[in-house]
Every structure is written in C-alpha cells, then in structure tokens.
Amino acid sequence: MMTMKNIMIAAAMLILLASCSDKHMSKNSDGSFTVNTTELCREITGYNGPVPVLVTIKDDVIQDVEILKNDETPSYFEDVKQRMLPKFRGLAIDKAATVDAVSGATFSSKALRKNVETAVSYYLENK
C-alpha cells in the first residue's frame, strides 16, 4: 500500500531523473561523456549538408570522434576522416580548434571541426 510519504518520494525521484536527462550528452560507465551534435549543429554544414558527430570526452581530453550519417561526397570525406580524426584523439579539449582543415575538402573538414568545437562547448557547459 502506497503511503503519502512513498508517493512523495517517488515523485521526487521522477523529477530528479527528468532533470538529469539530456538528449545531447550522455555519461558513460567509465566516467566519460559522449556528445551527439546531430541537433546541436543542424545549421553547420559541409559541402552537401550537416556533418554530425559523436564526441567522447574524458578528463577534458577528446577520446574519440565518430562521424554519423551525412551526405558528404564519400571520396572527399574519407580523406577528411583519415587525416583529421586521428588529430582529435587524445587532444586536450582546449586545443580542438587547432586541428587544420583538409585541403580539397575544406567545407567538409571545417564543418567537422566546428561540430567537435560545439560538442566541447556543450560538454563544458553541461558536465
């Protein structure tokens, strides 16, 4: 039988859980955070449209950048992935803006870098 006290506790827990949910960032079991830029960066476009990513950060260091579905030209974007992603891994978050764009795929690589920068900003504001 639910008492008024139990109902109040359950309601407080639901409010707490709702306030902790975040559709852009999740906390992982290892203490890292992953930011999804799909909605955060809708207006940041490469050559053919948005270039959303998942950015995993732990202890203010970028652990991984995973590129999500996009409409960039595969041959150009593969070069961006090969040349830029390794530069982000292990990089302190305050250095994310220093990763250079890839010549020949400037729009795509600038969009990728801006997505990572936005993810870092979101992480700093919401961790």
Side-chain angles (χ1 to χ4, degrees):
M1 180 169 200
M2 291 284 285
T3 66
M4 186 56 125
K5 182 179 177 182
N6 288 347
I7 292 171
M8 297 293 281
I9 290 171
M13 289 178 71
L14 284 173
I15 290 169
L16 180 62
L17 285 172
S19 68
C20 292
S21 68
D22 186 331
K23 67 181 183 176
H24 305 300
M25 183 168 70
S26 60
K27 186 171 184 177
N28 305 313
S29 61
D30 67 353
S32 65
F33 291 85
T34 299
V35 180
N36 183 328
T37 67
T38 301
E39 294 296 319
L40 293 172
C41 298
R42 281 185 297 191
E43 304 302 317
I44 298 171
T45 59
Y47 190 75
N48 290 320
V51 184
V53 296
L54 294 176
V55 179
T56 302
I57 301 168
K58 184 175 182 181
D59 300 328
D60 292 346
V61 174
I62 297 170
Q63 302 297 308
D64 192 31
V65 176
E66 179 184 340
I67 297 171
L68 300 175
K69 185 176 178 347
N70 62 71
D71 293 321
E72 296 301 281
T73 306
S75 59
Y76 286 99
F77 205 60
E78 187 59 35
D79 192 31
V80 171
K81 289 181 350 184
Q82 295 296 319
R83 292 173 60 191
M84 286 184 77
L85 292 184
K87 293 179 182 180
F88 285 115
R89 292 186 187 109
L91 189 65
I93 58 174
D94 62 344
K95 303 288 187 210
T98 66
V99 174
D100 290 329
V102 174
S103 180
T106 307
F107 289 111
S108 300
S109 54
K110 285 184 176 181
L112 172 60
R113 184 180 59 220
K114 187 65 178 163
N115 269 262
V116 173
E117 290 175 42
T118 301
V120 166
S121 294
Y122 190 86
Y123 161 79
L124 288 171
E125 294 170 8
N126 297 282
K127 65 178 179 172

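Positions are given from 1 along the sequence. As the structure is a prediction and not an experimental result, all values here were calculated from the model.
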Would you tabulate the side-chain donor-acceptor contacts of residues 85-103 under 3.5 Å, counting partners in other chains and residues two or more places apart, or write 'none'?
{"unit_1": "R89", "atom_1": "NE", "unit_2": "D64", "atom_2": "OD1", "d": "2.9"}
{"unit_1": "R89", "atom_1": "NH2", "unit_2": "D64", "atom_2": "OD1", "d": "3.4"}
{"unit_1": "T98", "atom_1": "OG1", "unit_2": "K95", "atom_2": "O", "d": "2.5"}

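Atom-to-atom distance recorded for E117:CD and R113:CZ is 6.0 Å, nearest 0.5 angstrom. The CG atom of N70 lies 14.5 Å from the OH atom of Y47; values are rounded to the nearest 0.5 Å. One distance of note links NZ of K58 with CG of D30; it measures 4.5 Å at 0.5 Å rounding. Atoms CD and CG, on Q63 and N28 in that order, are 10.0 Å from each other to the nearest 0.5 Å. Between the OH atom of Y122 and the NE2 atom of H24 there is a distance of 5.0 Å, given to the nearest 0.5 Å. Here CD of E43 is found 13.0 Å from NZ of K114. Values are rounded to the nearest 0.5 Å.
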*Can you check side chain to side chain contact (heavy atoms under 4.5 Å, CB included) on D60 and K127, steps first, answer last?*
CA-CA 10 Å; D60 292 346; K127 65 178 179 172; 3.4 Å; yes
*Audit row: T45, F107, side chain to side chain contact (heavy atoms under 4.5 Å, CB included) steps and yes/no*: CA-CA 8 Å; T45 59; F107 289 111; over 6 Å; no
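No continuous path of ILVMFWY side-chain contacts below 4.5 Å connects L54 to M84, so the two sit in separate hydrophobic clusters. L124 and M25 fall within a single hydrophobic cluster, where Ile, Leu, Val, Met, Phe, Trp and Tyr side chains are chained together by heavy-atom contacts under 4.5 Å.
Proximity of L68 to N36: side-chain heavy atoms (C-beta onward) are separated by under 4.5 Å at one or more points. For the pair T73/N48, a side-chain contact is recorded, criterion being any heavy-atom separation below 4.5 Å from C-beta on.
Of all the heavy atoms in I67 and K81, the pair that sits closest is CD1-CG, 3.1 Å. Nearest heavy atoms, V80 versus A105: CG2-CB, 3.5 Å. Taking both residues in full, the closest heavy atoms of A111 and V51 are given as CB-CG2, 3.9 Å, listed atom of the first, atom of the second, then distance.
With V116 as the fixed residue, the side-chain contact (heavy atoms from CB on, under 4.5 Å) test singles out one of V55, I57, T37, V35: V55.
Screening residues 57-84 for ring-ring contact (aromatic ring centres under 6.0 Å, His included), with sequence neighbours left out, gives no hits.
Judged by distance alone, the side chains of E72 and S108 do bring a donor and an acceptor atom under 3.5 Å apart.
T34 places no side-chain N or O within donor-acceptor distance of the main-chain N or O of S26, the cut-off being under 3.5 Å.
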